[in-house]
Amino acid sequence: MREVLRRLLTGVVYVLLLLSAVFLSSDAYDFLFMVFGLACLYEYKRLVLLKGYYIFLGYLALWWVFIYLTRDPFLIQVLLLLTIGVNVGLIVYLFKPKKKEFNTLQKYLIGLFYLGGGCIFLTMIPYQDDFFAKYLIIGIFIMIWVNDSFAYLVGKTLGRHKLYPAVSPKKTIEGSMGGLVFTLTAAFLLGEYAPVLSTTQWLILALVVVVMGSFGDLIESKLKRMAGVKDSGAILPGHGGMLDRLDSLVFAAPFAYLTLIIFQYVS
């Protein structure tokens, strides 16, 4: 009971911090996710045993260029291509049965684009023609939270069939399907009450976020399993590390950004 209360309290503080940053100002939101990215990179460094601090400098340089210095569509598309390319490579790595050690260059590239690129696109998502679309990013947060919460609850009560026991023994197919169903329900409600996107677009975005977020969760679980640890860190009592909290969101962000670009071209 004490552990449940601790998880609940930490979760409430985390949600309040995110919502406060979103509603306070776009600069507060930008700064928060820059800091979150640094925290995730610090935990990632420890997981893969990456020495030195160059990866922080690389991330800060990328973040500064793409958040403050340029809005060039070509450069953004290059970063998006690199980020999605690294993430697809990680999905392939997820299903490889043999233990694989990354070399130093691979560790840097994965950190910069999987985590750095993910946090950058998460920061860029609410910006539409210099307008900060706060309800768009809040909608994405809601879908991730609904998926995580109901995947856990449905899996705990109805879960019988393991999703991928070699990487994450506690996750079940029933839990994943439950998370998807409730997230699609939330997306439908967002379409009714948050018309920054149409209902159909919210539903498509929900599907992308759930599927890619689930991959992100499993990939982080595999990195932890390879490192022989239960949590990526201990910064969030009852939840583990920052990467444990943001793994789904960060991995899904570039795919969500690509989906929103497609919506602009189609609509």
Chemist: Within this structure, what is the CD1-OG distance for the pair Ile219 and Ser168, rounded to the nearest 0.5 Å?
Modeler: 12.5 Å
Chemist: Less than 4.5 Å apart, side chain to side chain, heavy atoms only: is that true for Leu246 and Phe251?
Modeler: no
Chemist: Examine distances only and state if a side-chain atom of Tyr44 and a backbone atom of Lys107 form a donor-acceptor pair shorter than 3.5 Å.
Modeler: yes
Chemist: Looking at residues at least two apart in the chain, or sitting in another chain, which of them share a side chain to side chain donor-acceptor pair (under 3.5 Å) with Asp247?
Modeler: none
Chemist: Just so I know, are the side chains of Asp148 and Tyr152 near enough to count as touching, which here means a heavy-atom distance under 4.5 Å?
Modeler: no
Chemist: Phe74 and Tyr68: same hydrophobic cluster, using ILVMFWY side-chain contacts below 4.5 Å?
Modeler: yes
Chemist: Using a cut-off of 6.0 Å, state whether more than 12 heavy atoms not belonging to Tyr193 lie near its atom OH.
Modeler: no
Chemist: Quick one: do Arg160 and Ile173 satisfy side-chain contact (heavy atoms from CB on, under 4.5 Å)? Show the steps, please.
Modeler: CA-CA 8 Å; Arg160 297 292 182 273; Ile173 295 173; over 6 Å; no
Chemist: Look only at the side chain of Glu174 and the backbone of Val154, and say whether a donor-acceptor pair between them is shorter than 3.5 Å.
Modeler: no
Chemist: Would Leu47 and Leu243 count as a side-chain contact (heavy atoms from CB on, under 4.5 Å) here? Give the steps.
Modeler: CA-CA 11 Å; Leu47 286 179; Leu243 188 52; 4.2 Å; yes
Chemist: State whether the number of non-hydrogen atoms from other residues, nucleotides or ligands found under 6.0 Å of Met34 atom CE is greater than 12.
Modeler: yes
Chemist: For Phe23, I'd like to know if atom CZ has over 12 heavy atoms of other residues, nucleotides or ligands within 6.0 Å.
Modeler: yes
Chemist: Under 3.5 Å, side chain of Glu43 to main-chain N/O of Cys40, donor-acceptor pair present?
Modeler: no
Chemist: Got a sec, which residues hit side chain to side chain contact (heavy atoms under 4.5 Å, CB included) with Phe95, two or more places apart in sequence or on another chain?
Modeler: Ile91, Tyr164, Phe215
Chemist: So do the side chains of Ile138 and Leu18 get within less than 4.5 Å of each other, counting heavy atoms only?
Modeler: no
Chemist: Does any non-hydrogen side-chain atom of Asn147 lie less than 4.5 Å from one of Ser214?
Modeler: yes
Chemist: Rounded to the nearest 0.5 Å, how far does CG of Asp244 lie from CE of Met242?
Modeler: 10.0 Å
Chemist: Using 0.5 Å steps for rounding, measure from the OG1 atom of Thr123 to the CG atom of Asp30.
Modeler: 6.0 Å
Chemist: Check whether NZ of the Lys or CZ of the Arg Lys45 lies under 6.0 Å from the centre of the six-membered ring of Phe56 and within 45 degrees of that ring's axis.
Modeler: no
Chemist: Would you give the length of the straight line joining atom OG1 of Thr183 to atom CD1 of Ile144, rounded to the nearest 0.5 angstrom?
Modeler: 8.0 Å
Chemist: Can you check whether Phe33 and Phe36 have ring centres sitting under 6.0 Å from each other?
Modeler: yes
Chemist: Working to the nearest 0.5 Å, report the span between CG of Leu258 and CD of Gln77.
Modeler: 9.5 Å
Chemist: Val181 versus Leu184: any side-chain heavy-atom pair under 4.5 Å?
Modeler: no
Chemist: If we ignore hydrogens and angles and just use 3.5 Å, is the side chain of Trp202 paired with the main-chain N or O of Ala194 as donor and acceptor?
Modeler: yes
Chemist: With a 4.5 Å heavy-atom cut-off, do Leu60 and Leu38 have their side chains touching?
Modeler: yes
Chemist: Between Lys162 (side chain) and Thr172 (backbone), is there a donor-acceptor pair under 3.5 Å?
Modeler: no
Chemist: With a 6.0 Å cut-off on ring centres, are Phe102 and Tyr93 close enough?
Modeler: yes
Chemist: Quick check on Phe188: does its CZ atom have over 12 non-hydrogen neighbours (other residues, nucleotides or ligands) under 6.0 Å away?
Modeler: no
Chemist: Could you check whether atom OH of Tyr42 has more than 12 heavy atoms from other residues, nucleotides or ligands sitting under 6.0 Å from it?
Modeler: no
Chemist: Looking at Leu218 and Leu163, what are the two nearest heavy atoms and their distance?
Modeler: CD1-CD2, 4.3 Å
Chemist: Can you find a pair of side-chain heavy atoms, one from Leu190 and one from Val196, that are under 4.5 Å apart?
Modeler: no
Chemist: How about Phe132 and Tyr127: are their ring centres within less than 6.0 Å of each other?
Modeler: yes
Chemist: Within the distance-only criterion (no hydrogens, no angle test), does the side chain of Thr70 pair as donor or acceptor with the backbone N or O of Phe66 below 3.5 angstrom?
Modeler: no
Chemist: Can you check side-chain contact (heavy atoms from CB on, under 4.5 Å) on Leu79 and Ile120, steps first, answer last?
Modeler: CA-CA 10 Å; Leu79 180 63; Ile120 288 168; 4.0 Å; yes
Chemist: For the pair Lys222 (side chain) and Leu94 (backbone), establish whether a donor and an acceptor sit closer than 3.5 Å, ignoring hydrogens and angles.
Modeler: yes
Chemist: Please determine whether side-chain contact (heavy atoms from CB on, under 4.5 Å) holds for the pair Tyr59 and Cys119, giving the CA-CA distance in whole Å, both sets of side-chain angles, and the decisive distance to 0.1 Å.
Modeler: CA-CA 10 Å; Tyr59 164 66; Cys119 285; 3.9 Å; yes
Chemist: Taking all heavy atoms of Val146 and all of Ala186, pick out the closest pair and write down the distance.
Modeler: CG2-CB, 4.2 Å
Chemist: Using salt bridge (charged side-chain N to carboxylate O under 4.0 Å, His left out) as the criterion, list what pairs up with Lys171, not counting sequence neighbours.
Modeler: Asp217
Chemist: From Leu50 CG over to Ile55 CD1, what is the distance, rounded to the nearest 0.5 angstrom?
Modeler: 5.5 Å
Chemist: With under 30° as parallel and over 60° as perpendicular, where do the rings of Phe182 and Phe150 fit, or are they tilted in between?
Modeler: parallel
Chemist: If we ignore hydrogens and angles and just use 3.5 Å, is the side chain of Ser248 paired with the main-chain N or O of Gly213 as donor and acceptor?
Modeler: yes
Chemist: Taking the side chain as every heavy atom from C-beta outward, state whether Leu197 and Leu260 have any atom pair closer than 4.5 Å.
Modeler: yes
